[in-house]
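A short worksheet on the structure shown next.
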Amino acid sequence: DRLNVLAASMTGDVLFRGRVPKAEGALTPAGRVTFAARPGAVHLRMTAEGASGQFIDAEDREVVVPDFTKVGPTVTSPEVYRARTARELQQLRESPAALPTGVKSFTRNEQLLVRFRAYGPGGTTPTVTVRLLNALGEPMSTLAAPVARPDGTLELPVSLGGLATGNYMLEFEAVSSDQKSRTLWGFKIGS
């Protein structure tokens with residue numbers, strides 16, 4: 001029924017402490033919190049409670065906040081949304097309350113909607129190429145160019161129907177002048 005979040009820097013500074021508000025209009029029960037954090041590691045502790053406040057479960061995670069002030073092109077970690085039908089995919093695209101999934105294991109009948117941001121030096125926008133890689137990191141295909149959304153994010157639908165069971169990666173390569181950067185996101189296709 002409730003999720004509480006404690007976010008702290010590795011030096012112990014509390015960045016956020018509180019309950020996650022429930023998102024109205026979300027397709028599944030969900031919520032989101034945002035807070036400012038300096039580049040570096042952030043420790044997250046999430047605690048789930050039942051309707052009467054009883055403890056259900058807790059999870060600790062460490063997340064690395066990238067340094068977007070560095071010189072050179074950068075791609076953020078992708079937000080990934082999952083859909084089982086074309087209608088669900090369309091609803092995800094249109095919903096301001098849609099929340100990304102935290103899982104990295106999918107089935108072949110699902111479609112992914114991948115959103116990310118790309119930054120270049122001096123406020124420029126780098127050229128971004130997204131490739132599908134196999135478990136060995138070898139390129140399998142170059143995906144369609146991501147489309148810019150009104151909020152500045154880039155969006156790319158990824159169909160999983162043609163992939164066999166196994167491990168894969170999406171490689172996001174940003175190029176600006178003679179500089180390149182690469183971000184990888186791994187996932188699994190189950191049976």
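Only heavy atoms go into these numbers, but all of them, side chains included; no hydrogens, no water, no symmetry mates.
The CG atom of L160 sits 9.5 Å away from the OH atom of Y168 when rounded to the nearest 0.5 Å.
No donor-acceptor pair under 3.5 Å is formed between the side chain of S95 and the backbone N or O of L92. Counting only distance, with no hydrogens or angles, the side chain of S176 and the backbone of P73 share no donor-acceptor pair below 3.5 Å.
In terms of the side-chain hydrogen bond (donor to acceptor under 3.5 Å, both in side chains) criterion, R17 has no residue partners (sequence neighbours excluded). Partners of R45 under the side-chain hydrogen bond (donor to acceptor under 3.5 Å, both in side chains) rule, at least two apart in sequence or in another chain, are D60. With sequence neighbours left out, the salt bridge (Lys or Arg N to Asp or Glu O under 4.0 Å) criterion links R115 to E155. Contacts of F116 classified as ring pair (Phe, Tyr, Trp, His ring centres under 6.0 Å), with partners at least two apart in sequence or in another chain: F172. Remark: K22 engages D1 in a salt bridge (Lys or Arg N to Asp or Glu O under 4.0 Å) (not counting sequence neighbours). Shown here are the side-chain hydrogen bond (donor to acceptor under 3.5 Å, both in side chains) partners of S52, two or more places apart in sequence or in another chain: Q54. With sequence neighbours left out, E94 forms a side-chain hydrogen bond (donor to acceptor under 3.5 Å, both in side chains) with Q90. With sequence neighbours excluded, the residues forming a salt bridge (Lys or Arg N to Asp or Glu O under 4.0 Å) with R2 are E49, listed by chain and number.
For the pair A7 and L44, the tightest heavy-atom approach, listed with the atom from each and the gap, is CB-CD2, 3.5 Å. Across all their heavy atoms, A118 and V128 have their closest contact at CB-CG2, 3.6 Å. When all heavy atoms of L133 and P139 are compared, the closest pair comes out as CD2-CA, 3.5 Å. Listed here is the closest heavy atom pair of M169 and G186: CG-CA, 3.9 Å. Closest approach of P100 and E79 over heavy atoms only: CB-CB, 4.0 Å. Heavy-atom minimum distance, A164 versus I189: O-CB, 3.7 Å.
Residue pairs meeting the side chain to side chain donor-acceptor pair (under 3.5 Å) criterion with at least one partner in residues 126-137, sequence neighbours excluded, are R131-E171, R131-E173, N134-E138.
Under the 4.5 Å side-chain contact rule for hydrophobic residues, W185 and V130 share a cluster. Y81 and L89 fall within the same hydrophobic cluster, defined by Ile, Leu, Val, Met, Phe, Trp and Tyr side-chain heavy atoms under 4.5 Å apart, directly or through other members. Put simply, V65 and M46 are part of the same group of oily side chains (I, L, V, M, F, W, Y) that touch within less than 4.5 Å, one to the next. In this structure, L184 is not a member of the same hydrophobic cluster as V80, with clusters built from ILVMFWY side-chain heavy atoms closer than 4.5 Å. With hydrophobic clusters built from ILVMFWY side chains whose heavy atoms lie under 4.5 angstrom apart, L3 shares a cluster with V63.
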Let me have the donor-acceptor pairs involving side chains of residues 103-113, under 3.5 Å, with sequence neighbours excluded, atom names and distances please.
| residue | atom | partner | partner atom | Å |
| --- | --- | --- | --- | --- |
| T107 | OG1 | N109 | OD1 | 2.4 |
| T107 | OG1 | E110 | OE1 | 3.4 |
| R108 | NE | G161 | O | 3.4 |
| R108 | NE | L163 | O | 2.7 |
| R108 | NH2 | G161 | O | 2.7 |
| E110 | OE1 | R82 | NH2 | 3.0 |
| E110 | OE1 | T107 | N | 2.8 |
| E110 | OE2 | R82 | NE | 2.7 |
| E110 | OE2 | R82 | NH2 | 2.9 |

Scan the side chains in residues 31-39 for donor-acceptor partners under 3.5 Å anywhere in the protein, sequence neighbours excluded, and list what turns up.
| residue | atom | partner | partner atom | Å |
| --- | --- | --- | --- | --- |
| R32 | NH2 | A98 | O | 3.3 |

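Residues T76 and Y119 meet the side-chain proximity criterion, which asks for heavy atoms closer than 4.5 Å. With a 4.5 Å cut-off on side-chain heavy atoms, L170 and L143 count as touching.
Counting side-chain heavy-atom gaps under 4.5 Å among Ile, Leu, Val, Met, Phe, Trp and Tyr, the cluster of V14 also holds L6.
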